[in-house]
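Down below is the structure, laid out as structure tokens.
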Amino acid sequence: MKEFQKDLIDWYIKNHRPLEFRLKKDPYEIWISEIMAQQTRIEAMLPYFKRWIQQLPDIESVAKCDDEKLNKLWQGLGYYSRCKNIKKCAIECVEKYSGKLPCTKEELLKLPGIGPYTAGAIASIANGQRVSAVDGNVIRVFSRLYNIFEDVTKTSVKKQIEELVDESLPSKEEISYYNQAIMELGALICIPKNPRCELCPVKKYCDAKDPGSLPYKAKKKMRKIEYKHLYILVHKDKVHVVKRADTGLLAGLYGFDETKPEHIIESIELEPYIHIFSHVEWHMDATLCIVDREDSNYKTVEEIEEHIAMPSAFMPFMKQVKEYLWKK
DNA sequence: AATCCGGGGCT
DNA sequence: AGCCCAGGATT
């Protein structure tokens, strides 16, 4: 049992970044920010968070917000099921908890989209409950503090680290600072590559001989490559957008046709583009097809930019279509 | 236990 | 060209 908590919290109080979404300790804002921050850098989610809170100030406003608008607010953040789960969770809070989030980690864990980390973060940071919040930062910091060289992607090793964190928890009064402090140490000092050990407030407690090599993770599998040919149908100043299936990759967002239309007046080949996801690559070619009719799924560029949620994978093509329509 | 699910910045 | 990121759900 180490005794680094005081040094760590003192360092945190002096050196932490002022993360605006945690200043008010509003459980709703903590919740939204934690979901947005999953597998996402703080700087990347911040503008999304500001815009979201501006338009959806409380849980009830989320519960009754249109799915299309929620997706548009999430456009570009990735992992879109997070957004779907936020709405499911908001509705459940309205129906079962009179429009509020439950207080304890145990109750929070039952809600959609809220796992062990997020439940612990909300309970400890917003409500001062004495529970852990183990994210990637905490895994890294503890694997170095205790010189754990086993594969942290294994369930057993992650569980082992969670037990160490649970044993390390300070009093209820300090729990909010403590959980944030470990994460902030991981974000600023105990970083993945070239850790800044000379600045570390808990260096004297650290067992790592080669901190830069920890935590160990098994190599990931190679990405699968998929080939796609898009047909981007254009009539006058409108573009045909296609809503994607409600399950699978980019569920519920909008893309373009992937089958050739019948009546093409003119076709123009667009510049190809390769989009890289974590687990798959899309090698895409695209044909802009001028057609002689339209229906309600044809939208102007302005309508698309304002209301249609389109993932980053299609943006290079959207840009080319926009340039074509602009030159015309 | 392994796989799915985004996107972007850093090395 | 990988790796990583204030992870969680699904299979």
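What's counted below: heavy atoms across the whole structure, side chains too, no hydrogens, waters or symmetry copies. By convention in this document, chain letters (A, B, ...) are assigned in the order of the sequence lines, proteins followed by strands, and residues within each chain are numbered from 1. Keep in mind it's a predicted model, so treat the numbers as computed, not measured.
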Which residue pairs satisfy the ring pair (Phe, Tyr, Trp, His ring centres under 6.0 Å) criterion with at least one member in residues 92-121 of chain A, sequence neighbours excluded? none

Counting N and O atoms only, with roles assigned by atom type, does the side chain of A/K87 sit under 3.5 Å from a partner on the main chain of A/C65, one being a donor and the other an acceptor? yes

Would you classify A/E184 as touching base, sugar-phosphate or nothing, given that sugar-phosphate means primed atoms plus P, OP1 and OP2, and contacts are heavy atoms under 4.0 Å? base

From [atom1] of [X] over to [atom2] of [N], roughly how many Å is that when rounded to an integer?
X	N	atom1	atom2	value
A/I35	C/dG7	CD1	P	11 Å
A/I139	C/dA6	CD1	C1'	12 Å
A/K88	C/dG8	NZ	P	15 Å
A/K220	B/dC4	NZ	P	13 Å

Is the shortest heavy-atom distance from the side chain of A/L73 to the side chain of A/L56 under 4.5 Å? yes

Charged N to carboxylate O under 4.0 angstrom, A/E294 versus A/K236? no

Considering just the side-chain nitrogens and oxygens of A/K219, establish if one lies under 4.0 Å of OP1 or OP2 belonging to C/dA1. no

Strictly below 4.0 Å: does A/R22 bring a side-chain N or O up to OP1 or OP2 of C/dA6? no

Would you please indicate yes or no on a ring centroid separation below 6.0 angstrom for A/F277 and A/W282? yes

In B/S/- notation (B base, S sugar-phosphate only, - none; protein heavy atoms under 4.0 Å), nucleotides 5-11 of chain B written 5' to 3' is BBBB---

Quote, to the nearest angstrom, the P distance that separates C/dT10 from B/dG6. 14 Å

Rounded to whole angstrom, note down the P distance from C/dA6 over to B/dT11. 14 Å

Any donor-acceptor pair under 3.5 Å joining the side chain of A/R223 to the base of C/dA1? no

For A/E305, the salt bridge (Lys or Arg N to Asp or Glu O under 4.0 Å) test, sequence neighbours excluded, returns A/K322

